[in-house]
Each structure stands twice: as C-alpha cells, then as structure tokens.
Amino acid sequence: MPSSAEDHRAPQAGRVRSGRPAVRARLPRRLPLRALTPVGVALCTLTLISCMSAPAHSGAARRSDGQPTDAGQSSAAGHSASAAAASGPAASSPAGASPDALPTLTPAQMAGQRVIYSYTGLEPPAALLNWIRHGQVGGVIFFGGNISSRAQIASVISELDQANASPLNPMRSVPLLLMTDQEGGLVRRLPGQPLLSEKQIGGSADPAAAAKAAGTGAGKNLAGVGMNVNLAPVLDVFRKAGDFDDQFGRSYSTDPHVVSSLGADFITAQQAAGVAATAKHFPGLGAATKSQNTDAAPVTLNVTLHALRAIDEFPYRAAIAAGVKLVMVSWARYSALAPKTPAGLSSAIVNGELRQRLGFKGVTITDALEAGALRSFGTTRRRATLAAKAGMDLILCSVQRPSQGQQARIALANGLTAGTLSPSVFNAALTRVVALRSSLGS
C-alpha cells in the first residue's frame, strides 16, 4: 500500500523536471543536551512519567491570539504537552524531566502535531501556512503534482520552514516533518535517485551495495531540497510474480531474509544522509494479489499466524535493529490477528505485534486515511480517532486537501478534551513525534 492512491496511477518521476543540484545533506547526530532547546531537552530525555495526574481539559473557547477556533473544537489554553513514554531508538538516554519544561499547548496544537497534511498544486494554501504558524501542523507530504522542479519545491519548503518559525508557534524550535515517497523505480516524486526499483536492486549483481547506494541517493536527494522523511523502504515480501508488490517492482524478494538485509541496508544508508526512513507496510502486504489494493477497497489477507510472523514481519526485526525511525502500518485486514479490523486500526497489531512483540519504540504512521479499505469506518474524524486509539502516532491525510488534515486535527483535539482519547497515551504519542522532529535538526 502506498501513501496515497497516486502510487497506483503510475507515479512516474517523469512528471517533474530537473532543477538545481542537490546540496550536501546534513548528517544526523545526537545533540549534546546543552545544544538543545528546552523543548528538545524535555522531549528527548524523558523517562517514563506518570500521567495519572494529567490536567483535565476545559471547554471550547476563542483563541486569545485572535485566530478563530475550528468549529466543534476546543482550543482552551493552558494544557501542557507532558510526556509519558520513552521515544524512539534515536532518542537520548533517559533522564528526569519536568513537564513544566515543555511548552504550553492548546488541544488543537497538541492534536495538530500528530497530523500530516497535504495540498493540491505548486503553492501551499494560505490556510495551511496559517495553521503552521499557530503550531497546528506536524508535517506535510508532497506528491508529484506539488513539484515542478527541485528549485520550486525547495522554495516551497523554505516558505513552510519560515511559517514554522513564527513566534506564534510554540513548537517553532523543532522542524516540520516534510516527507514524500521516494522508493525508487516507478515510485519517485523527485527526479533522480534512487533510480533502481527494489526488485531491480534484489536482482542486481551486488544487491547489498545497490541497496546502500539507493538509501544514500534517496537521502541526499530529499535532503537537498529540504525534506527530512522518506516513506520508504517497502519491506513487503512478495509471493508471486506480478502480484500487488511485484507488478510495480516494490519488493526486494520472495525471501524474507533478503528483504530483511536489503531493507536494513537502505535504512542505515538513508538515515546516515539525514533523512528518516519509514518501513512499510506492517505487518506486510506481500501476500496481496494483483487486484488486492487497499487504496481501492477492503482487503483481507488469509495468512497463517506462523507465516505472518516468519515471513511478513521478519524484515522488521532488522529494520528496528537498524534504528528505523518510522513504521507505516497497512490498511489490510489479517485473519490471523484481527479479521474484522484494518491493521492500522487494531491495537492488537500496532501495540501487540509491532511494539510489544517486536519492540519498536519509534513513530507509527498510518497509510492514507482516505483509502477505500476504510470505507466502512466513517468520516475522516472517526477514522483519525480510531487510528489514534489503536496506537498510531501520526495520521497521514494525503487526499491533497488541507481540510482533511483539519478534520483529523479537530477529531483528535475533541477526543483529548472529551476524554475519549487517553491523555497519557496521547502524550506518549506526542512525545515520540516531537522527539523524532528534534532528531532531524532545524
């Protein structure tokens, strides 16, 4: 499953034109505490803090800064984004931290940090820029239609960064999550690296070297225009020639050990170039047939629990060991784990399989919230709420309308203020997201 239905509308690199060459990527590093802002210190050094005393949220109000609240959304001020759980593998060593060291965020701002927005065309709309300035946006995903050249998208990203630096934004000390799908082969939003698809890498004379080169190429390419997250690599283990993954060359191999090693090589190389990697689509879409596309309709994969864990989930062990920063969870249903619930809406899969069984401590991100696989799960608001309840940290709104992200943000804020979303669980997710942003520099 891609990040949006566009991936199966022939997402060709040829739709974009080349522009300025990539600049040297900034290498990631663990900053010393003295170099971090109070936000970074508090969020990247948190040990487990009890949230039993989390403050209650008050009712709806009008923003004191003059920005009107969203309809049906509380924006009462004075709620600290206190943290309750350790962050991902790249986080600093645990240390004590006071919730008072964190910025004061409204529920709308807390919710917004967990939403990835999208838009149509070459210019970000004024509403999105305004939400960024007011701390209500966690990140933005870019598609081919947002990019006409490298210089153009670099200019857009500079504009987004300037909005994020607004003094009205309490989260201005950490960068936005600026992401795209740069898998290689057909699935590329920017011109250039990686040119090879995963299938081509797996079938090459030196697959390990090719996977490392692809990871480095993807990282430098994205960092060169200011992006800091890649929704890649795909860790699906395809089963038959021409099936869902193989038809687009989006799987390294039918051998889980090969997928495991090459995926880890790509992840390590890309993250060394300063761009966070996203392993997808957990627990795996390798068993999906050519017509089983969760973008279009519900998909159930009747894979045994043994096969699911021995084949499909196997590559995630190496990815987690390599320090992958994000994992995208699929919208397929898995009869052996949660037969009636898409994986990204299932706590048994997100918390049980991924976090508890495999030990992933980084950021989880949904697949496209508008996917046809969720057609029986209601509106954007309901889907976002169900995903958050299941354990998803980031909600990916990729229909390319900022209003979709707005609706997801309203839903999360309402759930937080009404108590239908656990404050401690919410804050743990928020902590992981902001720790990720802090690790990517400014």
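When only modelled atom types and interatomic distance are considered, Gln270 and Asn230 share a side-chain donor-acceptor pair under 3.5 Å. For the residue pair Arg189 / Asn146, no side-chain donor-acceptor distance below 3.5 Å is found, with atom types taken as modelled.
No donor-acceptor distance shorter than 3.5 angstrom exists from the side chain of Arg409 to the backbone of Gly112, with no hydrogens or angles considered. The main-chain N or O of Phe142 is found under 3.5 Å from a side-chain atom of Thr180 such that the two form a donor-acceptor pair. Put simply, the side chain of Tyr334 never gets that close to the backbone of Pro342: no donor and acceptor are under 3.5 Å apart. Side-chain atoms of Asp236 do not come within 3.5 Å of backbone N or O of Ser251 as any donor-acceptor pair. Under a 3.5 Å cut-off, the side chain of Arg355 and the backbone N or O of Gly362 do form a donor-acceptor pair. Between the side chain of Asp181 and the backbone N or O of Val187 there is no donor-acceptor pair closer than 3.5 Å. Put simply, the side chain of Gln109 gets close to the backbone of Thr106: a donor and an acceptor are under 3.5 Å apart. A donor-acceptor contact shorter than 3.5 Å links the side chain of Ser197 to the backbone of Gln200. Side chain of Asn221 to main chain of Pro191: a donor-acceptor pair is present (N/O by atom type, distance under 3.5 Å, no hydrogens or angles).
Asp246 meets the side chain to side chain donor-acceptor pair (under 3.5 Å) test with Lys199; sequence neighbours excluded. Residues meeting the side chain to side chain contact (heavy atoms under 4.5 Å, CB included) test with Thr379, sequence neighbours left out: Arg381, Arg382.
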Residues 312-323, side-chain donor-acceptor partners within the protein, below 3.5 Å, at least two apart:
unit_1, atom_1, unit_2, atom_2, d
Asp312, OD1, Arg239, NH1, 3.0
Asp312, OD1, Arg239, NH2, 3.4
Asp312, OD2, Arg239, NH2, 2.7
Glu313, OE1, Arg357, NE, 3.4
Glu313, OE1, Arg357, NH2, 2.6
Tyr316, OH, Lys280, O, 3.3
Tyr316, OH, His281, N, 3.1
Tyr316, OH, Phe282, N, 3.0

Leu354 and Val327: CA distance, side-chain angles, deciding distance, side-chain contact (heavy atoms from CB on, under 4.5 Å) verdict: CA-CA 9 Å; Leu354 181 58; Val327 169; 3.8 Å; yes

Residue pair Asn169, Arg133: steps toward the side-chain contact (heavy atoms from CB on, under 4.5 Å) verdict: CA-CA 5 Å; Asn169 179 13; Arg133 293 186 190 102; 5.8 Å; no

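A salt bridge does not link Lys290 to Asp243: none of the charged side-chain nitrogens sits closer than 4.0 Å to a carboxylate oxygen. A salt bridge does not link Arg188 to Glu183: none of the charged side-chain nitrogens sits closer than 4.0 Å to a carboxylate oxygen.
Other residues, nucleotides and ligands place no more than 12 heavy atoms under 6.0 Å from the CZ atom of Arg401.
Rounded to the nearest 0.5 Å, atoms CE (Met179) and CD1 (Ile141) are 6.5 Å apart. Here the CD atom belonging to Gln193 is positioned 12.0 Å from the CG atom belonging to Leu222, to the nearest 0.5 angstrom. Residue Gln404 holds its CD atom at 4.5 Å from CD of Glu370, rounded to the nearest 0.5 Å. Between the CZ atom in Arg172 and the CG atom in Asn164 there is a gap of 10.0 Å [rounded to 0.5 Å]. Of the inter-residue distances, the one linking Ile365 atom CD1 with Leu396 atom CG reads 5.0 Å to the nearest 0.5 angstrom. The NZ atom of Lys325 sits 14.0 Å away from atom CZ of Arg437, with the distance rounded to the nearest 0.5 Å.
Looking at Ser261 and Tyr252, their side chains never come closer than 4.5 Å, going by heavy atoms from C-beta outward.
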